[in-house]
Amino acid sequence: MRLAIIPARGGSKRIPRKNIKDFNGKPMIGWSIEAALLSAAFDEVWVSTDDAEIAVVAQKFGAKVPFIRPAELSDDHTGTSAVVRHAINRAIQQQLEPTLVACIYATAPLLQPDMLKEAMLQLQQDPALDYVFSGCRFSFPIQRALYRSESGKVNAVDPASIPKRSQDLPETYHDAGQFYCGRAQSWLDAKPVFSPASYLYELPQHLVQDIDTEEDWLRAELLHQLLLKRL
């Protein structure tokens with residue numbers, strides 16, 4: 001069984017009710033649910049939430065909400081992996097047999113169905129992989145990053161890299177925070193997502209945007225509007 005799990009707790013702090021706030025005409029989580037369903041890469045799409053209103057919205061968009069997540073897994077300190085493991089165990093209790101499990105963030109409106117389909121296929125085709133996750137190339141060489149003091153003065157993170165040309169420095173990547181496809185047993189064994197047993201599925205920079213502040217939200221909406229015009 002191929003299972004998609006979308007974690008969506010109700011207690012977001014920086015952007016209240018972020019998971020169901022209107023984003024270009026739909027509740028934010030609606031875009032993630034639709035991408036998962038349209039990918040045809042999953043047998044079921046579940047939303048793991050502690051919030052009754054989020055549960056109703058999720059079901060409206062076609063996801064299943066087979067349980068309400070317990071409070072001890074819904075605070076600010078609970079990691080995503082623990083939430084995924086909980087959902088997998090609930091699936092097992094329901095006599096389901098999840099083999100491949102994707103965690104898809106509720107705040108990923110730029111996510112496209114084909115990305116999920118291709119990532120799941122990559123995982124299926126390479127038995128040596130624990131995970132396939134979304135990543136993106138840094139637009140500027142991180143080796144030339146700077147520390148800035150309170151007084152405004154700077155120090156180089158890596159002084160030896162400052163005089164080097166950008167093209168002479170190796171490219172670096174970061175987690176795009178959209179999806180993490182993994183083997184159910186890898187999740188249950190708490191194997192690290194970022195390891196040599198993981199494959200980075202590269203996303204273009206114009207489809208990657210953290211959404212933690214109101215400024216992030218506005219930028220994401222603008223990118224999303226441009227994307228919709230191209231589709």
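Model, not experiment: these values are computed from the prediction.
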Point to revise | salt_bridge(Arg69, Asp50) N-O dist < 4.0 Å | key: no
Check your understanding: Among side-chain atoms of Arg90 and Ser48, is any donor-acceptor pair under 3.5 angstrom?
Key -> no
Exercise for review: Report yes if the distance between the aromatic ring centroids of Phe194 and Phe133 is under 6.0 Å, otherwise no.
Suggested key: yes
**Study point:** Beyond-backbone contact of Pro113 with Glu34, side-chain heavy atoms, under 4.5 angstrom
**Key:** no
Review point. Are any of the side-chain nitrogens in Arg14 or Glu214 under 4.0 Å away from the carboxylate oxygens of its partner?
Key: no
Check your understanding: Does the separation of the ring centres of Trp187 and Tyr180 fall below 6.0 angstrom?
Key -> no
Practice item. Check each of Val84, Val47, Ile104 against Ile5 using the side-chain contact (heavy atoms from CB on, under 4.5 Å) test, and report the only one that passes. Key: Val84
Check your understanding: Which residue, Ile15, Ile20, Asn19, forms the side-chain contact (heavy atoms from CB on, under 4.5 Å) with Arg17?
Key -> Ile20
Point to revise | Centroid separation Trp31 to Phe61 less than 6.0 Å | key: no
Point to revise | Any Leu227 side-chain heavy atom under 4.5 Å of Leu207 side chain | key: yes
Point to revise | Asp189/Arg85 ion pair, N-O < 4.0 Å | key: no
Practice item. Indicate whether any N or O donor in one side chain lies under 3.5 Å from an N or O acceptor in the other, for Tyr201 and Gln122. Key: no
